[in-house]
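Worksheet: one structure, shown below.
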2 protein chains.
Amino acid sequence: MVLVPTKSDRRREELAESALTTLGAMGYARASLREIAGNSPFSHGVVHYYFQDKTELVIYSVRHYKRRCVTRYDAVVSDSTSPEELVEAFAAKLAQTIREEAPMHRLWYDLRTQSMFEPALRDAITEIDGTLEAMIWRVVDRYATLAGRPPSVGAPAAYGMLDGLFQQALLAYTAGGEPVLDGLATQVRVVLPLLVR
Amino acid sequence: MVLVPTKSDRRREELAESALTTLGAMGYARASLREIAGNSPFSHGVVHYYFQDKTELVIYSVRHYKRRCVTRYDAVVSDSTSPEELVEAFAAKLAQTIREEAPMHRLWYDLRTQSMFEPALRDAITEIDGTLEAMIWRVVDRYATLAGRPPSVGAPAAYGMLDGLFQQALLAYTAGGEPVLDGLATQVRVVLPLLVR
DNA sequence: ACTTTTTCTTGACAACTGTCAAGAAGCGGC
DNA sequence: GCCGCTTCTTGACAGTTGTCAAGAAAAAGT
């Protein structure tokens with residue numbers, strides 16, 4: 001029905017974009033609505049014109065972001081013609097997204113953790129987490145196909161393990177910067193082959 | 001020098017214990033000093049008599065807790081006589097600690113994530129994370145020995161992957177309760193063998 | 001018993017929070 | 001130019017936060 005986004009929709013996206021900057025830099029708890037509005041072209045009151053409350057803004061923002069990003073590895077999947085090529089491309093992409101979007105990833109882990117304390121976040125987080133699992137599974141499944149061997153673990157386990165490595169790398173990157181990213185690539189080269197028979 | 005804990009030390013532990021309850025239930029950001037003191041035999045002002053600020057109290061508390069808990073799997077390591085036995089005991093212990101200490105684990109992941117936004121937390125978190133990695137490595141290394149095969153990944157990768165699975169299970173347990181814990185045990189039975197050649 | 005020191009409570013502070021209402025500003029149609 | 005509607009700003013509200021100082025209470029020392 002709604003083919004073009006309404007003027008209201010575009011404002012919401014604009015606000016969401018500003019919110020993501022602030023949220024990514026300060027985290028969920030420390031990012032106040034005034035601070036968020038301060039990094040936007042608007043004043044602090046406008047938030048409640050477009051969103052019911054802070055939670056709705058945050059959920060909208062992170063949904064907005066993740067929608068763009070669940071396709072991050074699709075090119076890796078479709079362009080690779082051998083298992084080795086896929087591993088390299090995947091490892092490179094992982095390191096790249098930490099380098100270029102660390103604040104967004106920090107925000108994501110922050111929100112996912114907060115959802116354990118704040119039920120209002122739970123549904124949205126669970127849904128997004130599912131799309132991330134599917135995203136990772138497309139990579140693993142494709143790797144299995146290229147290698148001609150069946151996966152050795154299910155989608156949840158594959159996601160859990162790779163997400164654990166990613167989170168560890170993000171944490172180390174936050175404290176130690178660039179150098180640690182090589183370690184992540186090395187780990188991925190070792191781990192992906194373990195995920196197929 | 002100090003063989004017995006001073007009276008002051010015991011008060012600090014007492015406060016830390018109360019703080020852990022509140023922090024575990026509400027998370028780092030939402031647990032105010034008044035709330036923490038409210039769940040203790042003292043009033044809210046006493047915190048600044050024993051701790052310089054909130055951060056110091058929180059770090060002291062989580063250090064206090066983790067010191068007790070890094071030995072959690074040591075019995076598993078020393079009592080197992082076959083790889084299969086170790087896997088079962090380890091999987092059972094993982095599920096048990098989620099069941100019995102979920103709030104503490106939520107708090108830990110909360111603090112670890114906050115450390116990416118708050119440099120004041122970083123040193124303590126990094127140090128504790130190292131002891132957890134060592135704890136997990138003792139399990140994996142022992143499994144490798146019992147299986148008569150060398151580990152296929154290093155300590156950081158082993159910790160990253162297993163921690164990822166654990167965190168995923170904790171998240172699912174928080175939303176879905178008891179039933180999901182069987183899944184964790186199943187995953188561990190599949191994954192541990194992948195960590196040795 | 002009196003003094004000194006340690007321990008703890010109370011009440012206040014300035015700053016900050018999410019929320020909302022009143023009205024200004026902008027903008028369409030007429 | 002005027003009206004009505006949408007959009008946005010301003011300023012206020014009630015509540016909360018970490019922090020700290022003043023002094024009460026308790027304990028220790030003499």
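Not measured: the values here are computed from a predicted model. Chain identifiers are assigned alphabetically (A, B, ...) following the order of the sequence lines, protein sequences preceding nucleic acid strands; residue numbering begins at 1 within each chain.
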Distances under 3.5 Å between protein N/O atoms and the N/O atoms of nucleotides 8-10 of chain C, please, pair by pair.
| from | atom 1 | to | atom 2 | distance (Å) |
| --- | --- | --- | --- | --- |
| C:dC8 | OP1 | B:Arg11 | NE | 2.4 |
| C:dC8 | OP1 | B:Arg11 | NH2 | 2.7 |
| C:dC8 | OP2 | B:Arg11 | NE | 3.4 |
| C:dC8 | OP2 | B:Tyr50 | OH | 2.0 |
| C:dT9 | OP2 | B:Ser43 | N | 2.7 |
| C:dT9 | OP2 | B:Ser43 | OG | 2.9 |
| C:dT9 | O5' | B:Ser43 | OG | 3.2 |

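Rounding to whole angstrom units, CD of residue A:Glu35 and C1' of C:dG18 are separated by 15 Å. Distance B:Gln52 CD to D:dG18 P: 16 Å, rounded to the nearest Å. For the pair B:Asp9 CG and C:dT7 P, the computed distance is 11 Å after rounding to whole Å. Counting to the nearest Å, the C1' atom of C:dT6 and the CZ atom of B:Arg10 are 15 Å from each other. Protein atom CZ of A:Arg12 is 13 Å distant from nucleotide atom P of D:dC8, rounded to whole Å. We find that CZ of A:Arg34 is positioned 12 Å from P of D:dG11, with the value rounded to whole Å. Straight-line distance from the CD atom of B:Glu14 to the C1' atom of C:dT7: 13 Å, rounded to whole Å. In this structure, the CG atom of A:Leu33 is 16 Å from the C1' atom of D:dC8, given to the nearest Å.
Contacts classified as salt bridge (charged side-chain N to carboxylate O under 4.0 Å, His left out) and involving residues 22-36 of chain A (residues at least two apart or in different chains) are given here: A:Arg30-B:Glu118. Residue pairs meeting the salt bridge (charged side-chain N to carboxylate O under 4.0 Å, His left out) criterion with at least one partner in residues 60-71 of chain A, sequence neighbours excluded, are A:Glu17-A:Arg68, A:Arg63-A:Glu127.
Judged as a salt bridge (Lys or Arg N to Asp or Glu O under 4.0 Å), and not counting sequence neighbours, A:Arg10 has no contacts. Listed by chain and number, the residues in a ring-ring contact (aromatic ring centres under 6.0 Å, His included) with A:His44 amount to none (sequence neighbours excluded). Take A:Arg11 and apply the salt bridge (Lys or Arg N to Asp or Glu O under 4.0 Å) test, not counting sequence neighbours, and it matches A:Glu14. With sequence neighbours left out, B:Tyr159 forms a ring-ring contact (aromatic ring centres under 6.0 Å, His included) with no residue at all. Residues meeting the salt bridge (Lys or Arg N to Asp or Glu O under 4.0 Å) test with A:Glu13, sequence neighbours left out: none. For the ring-ring contact (aromatic ring centres under 6.0 Å, His included) test, residues two or more places apart in sequence or in another chain that qualify with B:Phe166 are B:His105. When the salt bridge (Lys or Arg N to Asp or Glu O under 4.0 Å) test is applied to A:Arg106, no partner is found at least two apart in sequence or on another chain.
Near DNA chain D, meaning a heavy atom under 4.0 Å away, the residues from residues 54-64 of chain B are B:Lys54. Of the residues in residues 19-30 of chain A, not one comes within less than 4.0 Å of DNA chain D through any heavy atom.
With 3.5 Å as the limit, one finds no donor-acceptor pair spanning the side chains of A:Tyr109 and A:Gln114.
Within the 4.0 Å cut-off from OP1 or OP2 of D:dT17, at least one side-chain nitrogen or oxygen of B:Ser32 is found.
Between A:Trp108 atom CH2 and B:Thr113 atom OG1 the span is 12.0 Å, to the nearest 0.5 Å.
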